[in-house]
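A quick write-up on the structure given underneath.
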Amino acid sequence: MSVYRRLHAAHGPQFWWPGDTRFEIMVGAVLTQNTAWSNVEKAIANLRAAKALTPHAIVAAPHRQLVSWLKPSGYFNIKAKRLRAFCAWLLQQGGVRRLAHWPTDRLREALLAVHGVGPETADDILLYAFERPVFVIDAYTRRIFMRLGLIEGREKYEVLRKLFEDRLGDDVTLFNEYHALIVAHGKDVCRPRPHCTRCRLRPLCASPVANN
DNA sequence: ACCCAGGGTCATA
DNA sequence: TATGACCATGGG
């Protein structure tokens with residue numbers, strides 16, 4: 001049975017990404033950098049309550065104001081700058097609707113050129129906001145597949161992304177669900193310790209890597 | 001009182 | 001190219 005099917009059997013359908021609009025998904029992708037999603041939700045709720053969940057409002061907001069909304073998500077000084085840079089870029093490009101016509105490669109390059117948007121954030125946005133067939137590589141992906149003995153774990157981002165994409169094809173729906181399942185697995189049971197005992201996917205958590 | 005979370009940038013060698 | 005420091009809140 002494939003890793004995907006095992007994850008799906010254990011965790012069920014995930015229906016990602018949490019968020020009502022494409023813009024909200026993008027905001028979440030920036031704010032969730034190395035941060036628990038529960039904290040991101042609070043920051044997004046603050047933006048919504050202030051009617052500031054738009055590129056215009058975020059660009060127009062004073063730094064202190066933006067910081068106060070983002071505070072629960074951590075790294076608020078940095079994220080205020082990143083979110084503003086991202087929103088400024090969105091507006092400069094004519095908004096989400098216009099960007100939706102760009103070919104995937106060009107869109108990815110442009111996203112990576114925005115300050116504060118790295119490979120994972122760019123791919124979150126491409127997959128979940130623009131529905132492009134891009135496989136997201138995160139710490140959980142490395143950890144799980146390293147424990148399965150399928151990767152070394154220290155490969156560069158692009159190497160792993162291509163590995164998954166070549167093997168899985170161009171199925172946006174599959175990529176969407178797969179990454180969500182990987183995160184669900186990491187969140188629930190697959191902690192950083194050598195192996196967990198509660199995991200319903202024992203082969204995924206019983207470390208096949210000999211040492212440590 | 002730790003540890004970690006759905007990363008990325010920047011300085012240094 | 002490859003490490004390491006740094007960013008910061010909230011939940012376990």
Side-chain angles (χ1 to χ4, degrees), chain A residues 4 7-8 11-19 22 24-47 63-89 108-130 134-147 152-161 164 175-199 204-205 212:
Chain A
Y4 173 79
L7 286 168
H8 193 278
H11 299 282
Q14 301 298 308
F15 304 112
W16 263 26
W17 178 292
R22 294 198 270 194
E24 186 179 340
I25 291 171
M26 299 183 214
V27 171
V30 171
L31 295 185
T32 198
Q33 290 170 357
N34 201 41
T35 300
W37 181 254
S38 56
N39 286 357
V40 176
E41 285 181 313
K42 294 168 186 168
I44 291 179
N46 287 341
L47 292 170
H63 182 74
R64 283 186 241 293
Q65 175 86 279
L66 193 48
V67 160
S68 74
W69 291 329
L70 301 187
K71 191 152 301 188
S73 73
Y75 303 123
F76 43 77
N77 278 310
I78 285 178
K79 284 177 178 172
K81 290 178 193 166
R82 291 182 182 177
L83 199 53
R84 197 194 331 280
F86 179 76
C87 289
W89 172 78
R108 191 167 196 274
E109 294 291 318
L111 283 166
L112 289 174
V114 178
H115 177 83
V117 177
E120 185 180 341
T121 305
D123 289 345
D124 278 337
I125 291 171
L126 286 167
L127 177 58
Y128 291 103
F130 290 105
V134 168
F135 196 90
V136 179
I137 305 296
D138 67 346
Y140 290 142
T141 312
R142 291 178 186 276
R143 195 181 300 157
I144 291 172
F145 283 86
M146 184 172 52
R147 285 176 181 166
E152 193 275 335
R154 309 184 68 89
E155 295 89 345
K156 303 182 77 167
Y157 187 96
E158 290 304 321
V159 171
L160 287 181
R161 185 168 73 92
F164 279 88
F175 288 5
N176 179 318
E177 191 67 9
Y178 207 151
H179 177 64
L181 284 167
I182 286 170
V183 174
H185 187 69
K187 264 186 180 169
D188 288 354
V189 288
C190 200
R191 312 268 67 187
R193 57 182 179 270
H195 63 86
C196 65
T197 52
R198 298 190 311 144
C199 189
L204 285 181
C205 284
N212 65 27

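Owing to the predicted nature of the structure, the values given are computational and were not obtained by experimental measurement. Throughout, protein chains are lettered first and strands after them, A, B, ... in sequence-line order, and every chain is numbered starting at 1.
Put simply, CD on A/Glu155 is 17 Å from P on C/dT1, counting in whole angstrom units. Remark: C1' of B/dG6 and CD of A/Glu41 are 12 Å apart, rounded to the nearest angstrom. Distance, A/His115 NE2 to B/dG7 C1': 12 Å, rounded to whole Å. Put simply, CG on A/Leu70 is 17 Å from P on C/dC7, counting in whole angstrom units. In this structure, OH of A/Tyr75 is placed 9 Å from P of C/dA8, rounded to the nearest angstrom. Between the CD1 atom of A/Ile125 and the P atom of B/dG6 there is a distance of 17 Å, given to the nearest Å. Rounded to an integer number of Å, the gap from OH of A/Tyr157 to P of B/dG6 is 16 Å. Atom pair A/Glu120:CD and B/dT9:C1' shows a separation of 15 Å (rounding to whole Å applied).
No side-chain donor from either of A/His179 and A/Asp123 sits under 3.5 Å from a side-chain acceptor of the other. Side chain to side chain, A/Thr141 and A/Asp138 meet the donor-acceptor criterion of an N or O pair below 3.5 Å.
In this entry C/dG4 has B/dC10 as its Watson-Crick or G-U wobble partner, both defining distances falling under 3.5 Å.
Within the structure, a side-chain polar atom (N or O) of A/Lys42 is placed less than 4.0 Å from OP1 or OP2 of C/dG11. Of the side-chain N and O atoms in A/Arg154, none sit less than 4.0 angstrom from OP1 or OP2 of C/dT1. Applying the 4.0 Å criterion to OP1 and OP2 of B/dG8, one finds that A/Thr121 has a side-chain N or O inside that range.
With C/dT3, B/dG6, C/dA8 as the candidates, the nucleotide lying closest to the side chain of A/Asn77 is C/dA8. With distances taken from any side-chain atom of A/Ser38 to the nucleotides B/dG6, C/dG11, B/dA5, the minimum falls on C/dG11. The side chain of A/Asn39 lies closest to C/dT9, out of B/dG8, C/dT9, C/dA8. Closest approach to the A/Arg82 side chain among B/dG6, B/dT9, C/dA8 is made by B/dT9 (side chain taken as heavy atoms from C-beta onward).
Within 4.0 Å of A/Lys71, counting heavy atoms only, lie sugar-phosphate atoms of the nucleic acid but no base atom. In this structure, A/Asp124 reaches neither bases nor backbone, as no heavy-atom distance under 4.0 Å exists between it and the strands shown. Within the nucleic acid shown, A/Val40 has no heavy atom closer than 4.0 Å to any nucleic acid atom.
No donor-acceptor pair under 3.5 Å is formed between the side chain of A/Arg161 and the backbone N or O of A/Phe135.
Here the closest heavy-atom approach between residue A/His115 and residue A/Ala85 is recorded as O-CB, 4.1 Å.
A distance of about 16 Å separates the C1' atoms of C/dA8 and B/dC2, rounded to the whole Å. For C/dC7 and B/dC4, the C1' atoms lie 15 Å apart once the distance is rounded to whole Å. On the P atoms, B/dG6 is 23 Å away from C/dA5, given to the nearest whole Å.
B/dA5 has no base stacking with the ring of A/Tyr140 when judged by centroids under 5.5 angstrom apart and an interplanar angle below 30°. You cannot call A/Phe76 stacked on the base of C/dA8; the centres under 5.5 Å and planes under 30° rule is not satisfied.
Across the interface with DNA chain B, nearest-nucleotide mapping of A/Trp17 and A/Leu112 shows A/Trp17 to be the residue nearer the 5′ end. Positionally, the nearest nucleotide of DNA chain B for A/Ala29 lies more toward the 5' end than for the other of A/Val114 and A/Ala29.
Checked for salt-bridge contact, A/Glu158 and A/Arg108 meet the test: a charged N lies under 4.0 Å from a carboxylate O.
The aromatic ring centroids of A/Phe164 and A/Phe175 lie 6.0 Å or more from each other.
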